[in-house]
Amino acid sequence: MGGMLRRAFLPAAFAPLLHSEEYKYGPDSFRQPGVPQGKVSKHVWTTSSIYPGTVHDYWVYVPAQYKASEPAAVMVFQDGSGFITETGAWRVPVVFDNLIHQGAMPVTVGIFISPGVLPARNPSEQGRFHRSYEYDAVTSRYARFLGEEILPEVGKSYNLSKDPNLHAISGSSSGGNCSFIAAWHRPDYFRRVVSFIGGFTHQRGALVMPSQVRKFEGKPLRIFLQDGLADQNLQSNYDMIAALDGAGYDARLVVGTEGHNSRHGGPLLPEALRWVWYDWKTPIAKPLKSFATRFLDPETEWEQVSSGHKFTEGPAVDSKGNVYFTDIPNNRIHKIDHATRAVSVFKEDTGAANGLMFGPDGRLYACQNGRQRIVAYDGAGKETPVVDGVASNDLAVTSKGEIFFTEPRAKRVWYVAPNGARKVAHEGIGLPNGVRLSPDHSLLMVADSVTRWVWSFQIQPDGQLAHGYAFHRLEMEDEVGAGQMRSGADGFTVDTEGFLYVATRLGIQISDPAGRTSAVLLNPAGQEVSNAVFAGPDLDTLYVTAGDKVFRRRMKRQGVFPWKPAKPPVPRL
């Protein structure tokens, strides 16, 4: 093909990054006189708890300039046996020696790891090969394997920097895909990515990644992608670079004419490393253009408000914009004064109270699961039983004083009339958890913790729930723990436009009134969130409970007082 025809295949924004079809190795890929040579050693990892029973061969490259007194940068390569050799396509030790000597990259310890194998029981049997299971999965599992097992093991022998800004990760094909996914899920481990002929396709669900890039609050990453016009994965890299560019990431895609091979990527490696490591002493900034910026100021961060608890849950807002929350194991309800940030104990001995909600009568309703009842507290903390003999988790209180509450283990949602009469309003959701009213109190939404769905029901005059659908679709990892798929959807809140802010394993997921996940706010300080509420006098501050802490953040949206019905605007469809 001629050059003009090749460019015709490319979006205009990417055309300047089209690489020449003359793929010749430059001087950085050959041994040069006077350049100190690093050393390579081989190791075997056999005691993984994340991939039990597997064997991983790995090699460690240590540059000649390494000093034990100075923390070294780290770069991990997948399919390590192919990258470590000096006579193959990549020649990483040679390139590292040259670039480190030139000062084009920091003093960097290289870790080259091969995919795991479950060894056969005897010579007449075949082992199980884990490459796709490890590399193609859209989950944080492989990143944890590196961050919790391999880096600490290598760190026993070498002084590795703990700064994720000095951690890079790379690979080719599924290894390139894996490198991006590992950094995406755990930017606290890796922030620089070099992916050769990676494919964000449907092998194990990676086709969702460009969508997540657009939706998720920005992460501090720098990404280098390479592919070829003859590679079937090329369109997925176009999709990815478009998403990265749209969200404001420091990212680059270089496209050549080759197919799914290393003929282009091998000679390109020095250029890729120079780019991904440029200005490495300056921390990589998070981008500021993802969909999440419609809901918050991207330059703000989560602010810790309270800590030292055992497990926080059930945040509720009072009429002055202050927040009450539960510490379930300590049997306490705390109050946060929004203006002063002062945290006080509102009530002791709460019967393992979980969900909280203020009602139209000004009282604070609480699910006392430990005492199998729902109670209401007045301003002085005086407790009045409202419903006895129920295993309640979370609740919503209507403007008429009606109560809806979830009973997760029984898979039930209950209705309680103002006179105390109760009945099962719905039965059968996998694990009903958080429950909230729409701004106008016409709909009841119920989060299912074991699936990706928040259910939506229309409330009938008699309190029955009708026309229920698994309506709001949440993002989730392809697995958690031993193959268990679940969103972990817990408590949530709503804003004046009817958007849901759902606490999940991945963070606060914002779902629009049509049921689409519009944005995802990252978990604060690595703490998994359990619930959320808008508070402050203008209801423009989002409070979240997370582990033993409570955090808050200013938003561009406003919440609603749950006891005051208000019709939201017609949603965009």
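Numbers here are sequence positions counted from 1.
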(request) Using a strict cut-off of less than 4.0 Å between a Lys/Arg side-chain nitrogen and an Asp/Glu carboxylate oxygen, indicate whether Asp540 and Arg554 qualify as a salt bridge. (result) yes
(request) Answer yes or no: is there an ion pair linking Glu477 with Arg141, defined by an N-O contact shorter than 4.0 Å? (result) no
(request) Begin with the C-alpha distance, continue with both residues' side-chain angles, and end with the deciding distance and a verdict on salt bridge (Lys or Arg N to Asp or Glu O under 4.0 Å) for Asp394 and Arg436. (result) CA-CA 9 Å; Asp394 200 2; Arg436 289 294 178 268; 3.3 Å; yes
(request) Say whether Asn354 and Asn393, considering side chains only, have a donor N or O and an acceptor N or O under 3.5 Å apart. (result) yes
(message) Any salt bridge linking Lys320 with Asp318? Criterion: basic side-chain nitrogen under 4.0 Å from a carboxylate oxygen.
(response) no
(request) Might you work through the side chain to side chain contact (heavy atoms under 4.5 Å, CB included) test for Thr496 and Arg557, ending with a clear yes or no? (result) CA-CA 8 Å; Thr496 57; Arg557 298 294 185 93; over 6 Å; no
(message) Can you tell me which residue among Phe295, Tyr501, Phe492, Tyr543 is in a ring-ring contact (aromatic ring centres under 6.0 Å, His included) with Phe534?
(response) Tyr501
(request) Dump the intermediate steps for side chain to side chain contact (heavy atoms under 4.5 Å, CB included) on Arg373 and Glu383, then the final yes or no. (result) CA-CA 12 Å; Arg373 65 184 185 179; Glu383 177 181 304; 2.4 Å; yes
(message) I need the Leu364 CG to Phe358 CZ distance, nearest 0.5 Å.
(response) 4.5 Å
(message) Is a donor from one side chain sitting under 3.5 angstrom from an acceptor on the other, for His56 and Glu134?
(response) yes
(request) Indicate the ring-plane relationship of Tyr133 and Tyr51, choosing parallel, tilted or perpendicular according to the 30° and 60° boundaries. (result) perpendicular
(message) Closer than 4.0 angstrom, basic N to acidic O: yes or no for Lys411 and Glu427?
(response) no
(message) Would you say Glu402 and Tyr415 are linked by a side-chain donor-acceptor pair, where the criterion is simply a distance under 3.5 Å?
(response) yes
(message) Run the salt bridge (charged side-chain N to carboxylate O under 4.0 Å, His left out) test against Arg121 and tell me which residues pass, sequence neighbours left out.
(response) Glu125
(request) Locate the shortest heavy-atom distance separating Leu522 from Gly218; write the atom from each residue and the value. (result) CD1-O, 3.9 Å
(request) Please check if atom CD in Gln232 has more than 12 non-hydrogen atoms from other residues, nucleotides or ligands closer than 6.0 Å. (result) no
